[in-house]
Number of protein chains: 2
Amino acid sequence: MRLSKKGEYAVRALVEIGFESDARPQSLIQISTVAQRTNIPEKFLEQILLALRNGGVLKSKRGVEGGYSLAKGPDQITLGEVIRLLDGPLAPIPCVSLSAYEKCSCPDEASCGLRIAMQQVRDSIAGILDNYKLDRLIEEVRKHRATQPSEWQFDI
Amino acid sequence: MRLSKKGEYAVRALVEIGFESDARPQSLIQISTVAQRTNIPEKFLEQILLALRNGGVLKSKRGVEGGYSLAKGPDQITLGEVIRLLDGPLAPIPCVSLSAYEKCSCPDEASCGLRIAMQQVRDSIAGILDNYKLDRLIEEVRKHRATQPSEWQFDI
DNA sequence: TGCAATGTCGATTGGATTGGTCGAGTATTT
DNA sequence: AAATACTCGACCAATCCAATCGACATTGCA
């Protein structure tokens with residue numbers, strides 16, 4: 001039932017990128033900068049940002065003065081979307097997944113108790129994460145950094 | 001965010017064992033029988049039942065005519081307890097786990113957005129699974145088997 | 001007493017996943 | 001052309017997952 005490092009890093013990195021473009025709109029931020037500020041291994045972060053880009057959450061520009069920025073407003077990026085992109089389906093068991101449904105071994109899904117319980121779990125996780133938007137996380141960090149001028153940078 | 005086979009099998013096996021002792025109180029049921037009825041590999045099931053026994057969910061009797069039975073009433077066994085026993089903490093990230101707390105890398109947990117979101121997820125998962133009791137699952141199977149005299153036995 | 005049925009337990013295994021690294025590309029700007 | 005970035009694929013060690021094996025301990029019964 002765990003969130004992987006990839007998923008965790010993705011969220012932390014997105015907050016950093018979103019925070020940046022909140023402060024200076026249209027600005028790009030480089031992998032290496034994000035890596036330093038968040039303390040995420042650079043080459044690992046590279047993979048993660050690439051996945052986010054391919055998933056339509058980030059956009060990138062190559063070459064000198066290149067970098068990453070959000071592909072859409074931080075009010076349109078949900079934790080659910082991000083975590084699914086890096087960690088796969090939220091459902092604890094494939095027979096209750098909408099995005100990656102797979103039949104399980106019980107003969108009658110409708111009456112399978114385990115399935116009914118896991119269905120509830122899935123709905124509840126998705127209900128939370130699909131409504132938790134990036135702007136909310138950025139706002140929290142903004143407040144926090146305003147009062148505590150971040151001795152560390154990696155604080156989401 | 002997934003439930004392992006161990007967790008899944010544990011629940012399926014417990015329903016079978018609980019169903020049996022519901023039908024014939026005080027009766028014991030052998031690993032091999034549970035394995036056949038649930039279609040779980042016998043040696044793998046052995047490990048699982050042992051863990052459930054050591055966790056106080058099952059009790060066992062050795063030797064001829066031995067077997068397993070529930071260590072307490074099916075109304076006192078929750079899915080949360082069972083899944084924690086086999087799969088570890090429910091929390092998606094250790095910094096929101098009650099049973100296995102571990103500090104994460106953000107300097108201020110109280111204002112960490114990711115943590116706040118995951119806290120909600122944890123509470124909601126635990127809220128569901130810690131209130132979902134075995135008797136409810138057994139009841140569902142009982143109803144189902146009454147109407148459909150189980151061509152398959154492994155149907156939870 | 002002996003033996004067969006049963007649970008107990010530790011070791012091992014093959015494969016997948018996780019977390020991460022490396023190095024050679026390719027695009028873009030100056 | 002050179003410098004700066006992102007892109008992409010291969011690789012790696014460690015861990016976990018699912019399952020299997022073999023030896024052993026306990027019990028009931030003949």
Side-chain angles (χ1 to χ4, degrees), chain A residues 1-13 17 20 27-36 38-55 57-71 83 85-89 92-94 100 104-105, chain B residues 1-13 17 20 27-36 38-55 57-71 83 85-89 92-94 100 104-105:
Chain A
M1 304 298 241
R2 290 204 44 196
L3 180 70
S4 75
K5 284 287 174 192
K6 264 188 177 156
E8 180 188 332
Y9 289 167
V11 175
R12 293 188 195 279
I17 295 171
E20 187 74 12
S27 75
L28 296 173
I29 181 170
Q30 288 88 12
I31 295 182
S32 57
T33 308
V34 177
Q36 278 166 30
T38 56
N39 224 27
I40 298 170
E42 186 168 335
K43 281 305 228 173
F44 194 36
L45 179 59
E46 192 186 289
Q47 288 178 39
I48 293 164
L49 297 190
L50 197 55
L52 290 172
R53 192 201 86 117
N54 292 335
V57 171
L58 290 176
K59 60 187 174 189
S60 63
K61 189 174 176 239
R62 281 153 88 130
V64 180
E65 297 284 288
Y68 282 96
S69 64
L70 300 185
I83 292 176
L85 229 34
L86 276 302
D87 282 5
I93 215 172
C104 70
S105 62
Chain B
M1 308 295 245
R2 289 203 47 195
L3 179 71
S4 73
K5 283 288 175 189
K6 262 186 179 157
E8 180 187 332
Y9 289 168
V11 176
R12 293 188 196 277
I17 295 172
E20 187 74 10
S27 73
L28 297 172
I29 181 169
Q30 287 89 12
I31 295 182
S32 57
T33 309
V34 177
Q36 278 167 28
T38 56
N39 225 28
I40 298 169
E42 188 168 333
K43 281 304 232 172
F44 194 34
L45 180 58
E46 191 185 289
Q47 288 180 39
I48 293 165
L49 297 190
L50 198 54
L52 290 172
R53 192 202 85 119
N54 292 335
V57 172
L58 289 178
K59 59 186 173 188
S60 63
K61 189 172 177 242
R62 281 153 87 132
V64 180
E65 297 282 287
Y68 282 94
S69 64
L70 301 185
I83 291 175
L85 230 34
L86 276 302
D87 280 5
I93 216 172
C104 69
S105 62

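The sequence lines fix the lettering, A, B, ..., with proteins before strands; numbering per chain opens at 1.
- The separation between Asn54(A) atom CG and dC6(D) atom P is 14 Å, rounded to whole Å.
- Applying the 4.0 Å criterion to OP1 and OP2 of dT6(C), one finds that Ser60(B) has every side-chain N and O outside that range.
- Residue Lys5(B) is classed as a sugar-phosphate contact, given heavy-atom separations below 4.0 Å to backbone atoms only.
- Residue Ile40(B) contributes atom CD1, which lies 9 Å from atom P of dA19(D) at whole-angstrom precision.
- Of all nucleotides listed (dT8(C), dT7(D), dG19(C)), dG19(C) comes nearest to the side chain of Phe44(A).
- At a cut-off of 3.5 angstrom, counting only N and O atoms as typed in the model, there is no donor on one side facing an acceptor on the other between the side-chain of Lys43(A) and the base of dG19(C).
- Mapping Gln30(B) and Tyr9(A) onto DNA chain C via the closest heavy atom, the residue that lands nearer the 5' end is Gln30(B).
- Here dG22(D) presents its P atom at 14 Å from CD of Glu42(B), a figure rounded to the nearest Å.
- Atoms CD and OG1, from Glu42(B) and Thr33(B) in turn, are 8.5 Å apart once rounded to the nearest 0.5 Å.
- For Arg62(B) against dT6(C), no side-chain N or O and base N or O form a donor-acceptor pair under 3.5 Å.
- Taking atom CG of Leu50(A) as the reference point, atom P of dC8(D) lies 6 Å away to the nearest angstrom.
- The CD1-P distance, from Ile48(A) to dC8(D), rounds to 16 Å in whole Å.
- If you take CG of Leu28(B) and P of dA5(C), they are 17 Å apart, rounded to a whole angstrom.
- If you check distances only, the side chain of Lys61(B) never reaches the base of dG28(D) with a donor-acceptor pair under 3.5 Å.
- Looking at Gln47(B), its side chain comes within 3.5 Å of the base of dT20(D) through a donor and an acceptor atom.
- Residue Arg2(A) comes nearest to Pro94(B) through the heavy atom pair NH2-CD, 3.4 Å, listed as atom of the first residue, atom of the second, then distance.
- Between the base of dC8(D) and the side chain of Glu46(A) there is a donor-acceptor pair shorter than 3.5 Å.
- With sequence neighbours excluded, no residue forms a salt bridge (Lys or Arg N to Asp or Glu O under 4.0 Å) with Lys61(A).
- Going from atom CG of Leu58(B) over to atom P of dT6(C) covers 17 Å, rounded to whole Å.
- Residues Val64(A) and Arg2(A) each lie close to DNA chain C; by heavy-atom proximity, the contact nearer the 5' end of the strand is made by Arg2(A).
- Annotation for Glu20(A) and Ser27(A): closest pair CG-OG, 3.9 Å, computed over non-hydrogen atoms.
- Among the protein residues, Ile31(A) comes within range of the sugar-phosphate backbone only, with heavy atoms under 4.0 Å from sugar or phosphate atoms but none that close to a base.
- Between the CG atom of Asp87(A) and the P atom of dT18(C) there is a distance of 7 Å, given to the nearest Å.
- If you take CD on Gln36(A) and CG on Leu45(A), they are separated by 11.5 Å, rounding to the nearest 0.5 Å.
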